[in-house]
Q: 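The following block contains the structure, expressed as structure tokens.
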Amino acid sequence: MTSATDRPLLFLDIDGPLIPFGSPSRHAHPAATGRGNPLLERLDPGLGSRLLALGCQLVWATTWMEEANEVVSPLVGLPRLPVLAWPDPCPDKGPHGLHWKTGDIVDWAGGRPFIWIDDEISAMDHLWVEASHPGPALLHRVDPARGLVDADITALADWLRPVVHRP
């Protein structure tokens, strides 16, 4: 798998996974100071390179929308990424407990293998994706107090290994 359309997708949320809500970051990102949002200092400046090394096509799946590219990408070392555009959330779309992002992520993936990193993934989301998506999918819930940590990156890489090297 070498072209962008062959690579698995990685849908990436910001609040919780990249900006942890717990205690102040161990990273104290100096370039984030003075940007108006003190939580930006919690971003890990080395996270972008570790996500890119996974070999996926990264896609922002966040309410930050285009601000993800303008504000967050430079602080974590990511290039401009596609942004999944959200229609107005409809609480009646899907069964009770389904995250409002789930259907749009499955639609955008279009059957391609994907990973979704978020801090609000539920059992209903897993069931929905299993029933609605024909390709491999990993819904990876991140602890919002800690954010995306080394153990999460390892879990993603482990899941990707057989997906990328399948016959």
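Because the structure is a prediction, the values reported are computed rather than measured.
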Q: Between Arg42 and Pro20 (side chain of the first, backbone of the second, donor and acceptor by atom type, cut-off under 3.5 Å), is there such a pair?
A: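 Flag set: sc Arg42 to bb Pro20 pair under 3.5 Å.
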Q: Would the distance check show the side chain of Ser132 and the main-chain N or O of Val129 forming a donor-acceptor pair, the cut-off being under 3.5 Å?
A: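 It does not hold such a pair.
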Q: Which residues pass the salt bridge (charged side-chain N to carboxylate O under 4.0 Å, His left out) test with Asp13, not counting sequence neighbours?
A: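 Testing Asp13 for salt bridge (charged side-chain N to carboxylate O under 4.0 Å, His left out), a comparison that skips the adjacent residues, returns Lys101.
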Q: Could you give the distance from CG (Leu10) to CG (Leu81), rounded to the nearest 0.5 Å?
A: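 Result: 10.0 Å between the selected atoms.
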Q: Can you name the one residue among His126, His133, His99 that meets ring pair (Phe, Tyr, Trp, His ring centres under 6.0 Å) with Trp116?
A: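 Of the listed residues His126, His133, His99, the ring pair (Phe, Tyr, Trp, His ring centres under 6.0 Å) partner of Trp116 is His99.
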Q: Please evaluate residues Leu51 and Ile153 with respect to the criterion side-chain contact (heavy atoms from CB on, under 4.5 Å), reporting the C-alpha separation (whole Å), side-chain torsions for both, the decisive distance (0.1 Å), and the verdict.
A: CA-CA 8 Å; Leu51 289 168; Ile153 300 291; 3.9 Å; yes
Q: Yes or no on ring pair (Phe, Tyr, Trp, His ring centres under 6.0 Å) for Phe11 and Trp108, after CA distance, side-chain angles and deciding distance?
A: CA-CA 10 Å; Phe11 294 100; Trp108 210 90; 5.7 Å; yes
Q: Looking at every heavy atom in both Pro8 and Val164, which two are closest together, and how far apart are they?
A: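 Looking at all heavy atoms of both residues, the shortest contact is CG-CG2, 4.1 Å.
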Q: Between Asp44 and Arg50, is there a side-chain N and carboxylate O pair less than 4.0 Å apart?
A: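 Salt bridge: yes.
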Q: Looking only at heavy atoms, what is the nearest atom pair of Leu52 and Pro79, with distance?
A: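 Answer, listing the atom of Leu52 first, then Pro79: CD1-CD, 4.0 Å.
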Q: Which residues satisfy the side chain to side chain contact (heavy atoms under 4.5 Å, CB included) test with Pro134, sequence neighbours excluded?
A: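 Partners of Pro134 under the side chain to side chain contact (heavy atoms under 4.5 Å, CB included) test: none.
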Q: In terms of hydrophobic clustering (I, L, V, M, F, W, Y; side-chain heavy atoms under 4.5 Å; direct or indirect links), are Met65 and Ile14 co-clustered?
A: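 Yes: a chain of side-chain contacts under 4.5 Å links Met65 to Ile14.
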Q: Using the test salt bridge (charged side-chain N to carboxylate O under 4.0 Å, His left out), find all partners of Glu66 that sit at least two apart in sequence or belong to another chain.
A: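 So Glu66 forms a salt bridge (charged side-chain N to carboxylate O under 4.0 Å, His left out) with Arg80.
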Q: Using 4.0 Å as the upper bound for N to carboxylate O, is an ion pair formed by Arg112 and Asp6?
A: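 Between Arg112 and Asp6 there is no salt bridge, as every charged N stays at least 4.0 Å from the carboxylate O atoms.
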